[in-house]
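Here the structure comes first, spelled out in structure tokens, and everything after it is commentary.
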Amino acid sequence: MAPNATVMQAVEQLNYRVTVGDVAVKAGLDVNIAQRELLNLASEAGGHLQVAESGDIAYLFPKNFRDILRDKYLRLQLQEWWGKIWRILFYLIRISFGLVLIASLMIIFISIFLILSSSSKDQKSGVNFWFFSSSWIDDIFWLFYWNNDPNYRQKRQTKSPDERGELNFLEAVFSFLFGDGNPNFDLEKRRWKEIAKVIRNHQGAVTSEQIAPYLDNLGKGYALEYEEYMLPVLAKFDGRPEVSPQGQIIYHFSELQTTAKKNQSQEISPYLREYPWRFSEANSGQILLATGLGMINFVGALVLGNLFTKAATLGKLNLLGGFLGFVQGIYPILLIYGIGFLTIPLIRYFWIQWRNSKIEAKNNERKLRAEVLEKPNAILQKKLNYARKFTSEKVIEEGDLAYTSEKDLIEQEIEQSAKIDAELERKLNQSS
């Protein structure tokens, strides 16, 4: 089984020495999944187990473990190759809609000009000369490529809207038509990472009120009263409920109390915030230009259709051969494209307004839950105090190790024996 990419990234970010709890917090993974994937990665990449005298386990990985895996797995090599190819293909797909708009405009207006000029053979020659010799084509391509960056930002989706660079015009056309994807595509990952940080910051013991600002659908009635919404959190991070003498419930996560190094309190948002959808990441000038060209394209398609109708009425339709015959054949496609270019963004605009109102309502609901913690009432304060009784943090230091798979077992037994002898000698010296 190929190692989990998220776990590999977490191991690198944590400096190659981790516990299950460290990875679960960093990657926002289920504790059981983190345990399984760490074991798999250690097995495949030559990682080492470090067992503390308390029985807790840390994992140590070589810093070149990706090279080890890459050499070992052809599948990883193929995935990397396809990732590079897909980035290029996706960029071509994005800019293709802008190119189609340019092509549609050119086809429509060249066809209109040829039809209007078809009464004179000399005029036709003049049109052909103008079409092939004029610099107007260069001007159009300068207009659409003036802002073009050939190196498409490959990690655009992983960045926040404020971090993303400006689009070139061809990308802006795609953005105008279809937007730029779901800004909350990683919402679940962010949710679990924030919850794990809350638990780790409170040293493994929390109340439901501390987790609620990061959850949705808390339920009603019985389910809300008995905090059933905490069950997925318990399952994901291997927690268990603890009941106070007053019948209040707190939640204890022992796995997240163990770490390979001393942790500083991590900064987190007081509640999970969903990002609103944006109509487009294109700037206002690009949107205005795309809208204007879309309208010109649509009006031009209507004019061209009218000219084809008149040609049919005058019995000249059969004379429109060659290029004009081809355009006549694809005219329905040109008209549908012109209509769709304007109606798709319009429909999307109203859909985004509706969607953002839902997102704002959910954000406000989570914010209200977070405000409860700012001035807790007497009942909540008792719960918070009881939760502190279960707080703890176990740090597996190098000196705590009873066994590590880095070294031969006999060598470690000799070292442990030497430690015991040294400790006994120290105590004897103190007593004497």
Quiz prompt | Closest non-hydrogen atom pair between S269 and E194, with its separation | solution = N-OE1, 3.4 Å
Quiz item: Taking all atoms of both residues into account, what is the closest heavy-atom pair of A196 and A24, and its distance?
Solution: CB-O, 4.2 Å
Quiz item: So, Q248 side chain and I379 main chain: donor-acceptor pair closer than 3.5 Å or not?
Solution: yes
Exercise. Decide if atom CD1 of I93 counts as having more than 12 heavy atoms of other residues, nucleotides or ligands within a radius under 6.0 Å.
Key: yes
Quiz item: Considering all heavy atoms of both residues, which atom of N32 and which atom of A235 are nearest to each other, and what is their separation?
Solution: ND2-O, 4.4 Å
Self-check item: Gap separating the OG1 atom of T291 from the CZ atom of F176, nearest 0.5 angstrom
Solution: 3.5 Å
Exercise. Return yes when atom CD of E188 has more than 12 non-hydrogen atoms of other residues, nucleotides or ligands closer than 6.0 Å, and no otherwise.
Key: yes
Quiz item: With under 30° as parallel and over 60° as perpendicular, where do the rings of Y59 and F61 fit, or are they tilted in between?
Solution: parallel
Quiz item: Taking side chain as C-beta onward, heavy atoms only, is Y331 less than 4.5 Å from V327?
Solution: no
Exercise. Assign the ring pair W277 / W351 to parallel, tilted or perpendicular, where the plane angle (0 to 90°) is split at 30° and 60°.
Key: perpendicular
Exercise. Check whether any side-chain N or O of R355 sits under 3.5 Å from a backbone N or O of F350 as a donor-acceptor pair, and report yes or no.
Key: no
Practice problem: Report yes if the side chains of L170 and L101 come closer than 4.5 Å at any heavy-atom pair, otherwise no. | Solution: no
Quiz item: Shortest non-hydrogen contact from R369 to L215?
Solution: NH1-O, 2.7 Å
Practice problem: Might you work through the side-chain contact (heavy atoms from CB on, under 4.5 Å) test for K383 and S208, ending with a clear yes or no? | Solution: CA-CA 9 Å; K383 289 180 69 175; S208 61; 3.6 Å; yes
Quiz item: Hey, does the side chain of N184 reach the backbone of Y275 with a donor-acceptor pair shorter than 3.5 angstrom?
Solution: yes
Quiz prompt | Closest heavy-atom pair and its distance - P241, I249 | solution = CB-CG2, 3.9 Å
Quiz prompt | Evaluation steps, side-chain hydrogen bond (donor to acceptor under 3.5 Å, both in side chains), between Q381 and N377 | solution = CA-CA 6 Å; Q381 190 60 58; N377 57 31; over 6 Å; no
Exercise. Measure from the side-chain N and O atoms of Y229 to the backbone N and O of A223, and report whether any donor-acceptor pair falls under 3.5 Å.
Key: no
Quiz item: Quick one: are F65 and M8 in side-chain contact, heavy atoms under 4.5 Å?
Solution: yes
Quiz item: Is any side-chain heavy atom of V206 less than 4.5 Å from a side-chain heavy atom of I250?
Solution: no
Practice problem: Check whether any side-chain heavy atom of F341 lies under 4.5 Å from a side-chain heavy atom of M295, and answer yes or no. | Solution: no
Exercise. State, yes or no, whether a side-chain contact exists between L69 and L41 at a heavy-atom distance under 4.5 Å.
Key: yes
Quiz item: Taking the inter-plane angle between the rings of F279 and Y349 on a 0 to 90° scale, is it parallel (under 30°), tilted (30 to 60°) or perpendicular (over 60°)?
Solution: perpendicular
Quiz item: At what distance, to the nearest 0.5 angstrom, does CG of L307 lie from CG of L324?
Solution: 10.0 Å
Practice problem: May I ask you to check whether F113 and F109 place their ring centers less than 6.0 Å from one another? | Solution: no
Self-check item: For the student: nearest non-hydrogen atoms of A212 and L218, plus distance
Solution: CB-CD1, 4.1 Å
Quiz item: Passes side-chain hydrogen bond (donor to acceptor under 3.5 Å, both in side chains), Y251 versus E227? Steps please.
Solution: CA-CA 11 Å; Y251 302 92; E227 303 177 354; 2.4 Å; yes
Quiz item: CG/N363 to CG/L368 distance, rounded to the nearest 0.5 angstrom?
Solution: 11.0 Å
Quiz item: Are E360 and K362 ion-paired here, with the side-chain N under 4.0 Å from a carboxylate O?
Solution: no
Quiz item: Is the closest side-chain heavy-atom distance between E371 and Y271 below 4.5 Å?
Solution: no
Quiz prompt | Flag, side chain of Q257 to backbone of F390, donor-acceptor distance under 3.5 Å | solution = yes
Self-check item: Derivation and outcome, side-chain hydrogen bond (donor to acceptor under 3.5 Å, both in side chains), residues N306 and T309
Solution: CA-CA 5 Å; N306 185 53; T309 301; 5.4 Å; no
Quiz item: Does N217 CG have over 12 foreign heavy atoms under 6.0 Å away?
Solution: no
Using a 3.5 Å cut-off and no angle test, enumerate the donor-acceptor pairs between side-chain atoms of residues 9-16 and protein atoms at least two apart in sequence or in another chain.
{"unit_1": "E12", "atom_1": "OE1", "unit_2": "R66", "atom_2": "NE", "d": "3.3"}
{"unit_1": "E12", "atom_1": "OE1", "unit_2": "R66", "atom_2": "NH2", "d": "3.3"}
{"unit_1": "E12", "atom_1": "OE2", "unit_2": "R66", "atom_2": "NE", "d": "2.6"}

Quiz item: Should K236 and I195 be marked as a side-chain contact (heavy atoms from CB on, under 4.5 Å) after you check the CA-CA gap, both sets of side-chain angles, and the distance that decides it?
Solution: CA-CA 10 Å; K236 192 172 187 69; I195 290 174; over 6 Å; no
Exercise. Kindly say whether the aromatic ring centers of F178 and F97 come within a distance under 6.0 Å.
Key: yes
Quiz item: CG of L272 to CG of D216: how many Å apart, nearest 0.5 Å?
Solution: 7.0 Å
Quiz item: Is it true that a side-chain atom of T343 and a backbone atom of I339 form a donor plus acceptor pair closer than 3.5 Å?
Solution: yes
Exercise. Return yes if some donor-acceptor pair links the side-chain N/O of D180 with the main-chain N/O of S175 below 3.5 Å, else return no.
Key: no
Quiz item: Do E267 and K197 meet the salt-bridge criterion of a basic N to acidic O distance under 4.0 Å?
Solution: no
Quiz item: Looking at R17 and D22, does any basic side-chain N land under 4.0 Å from a carboxylate oxygen?
Solution: no
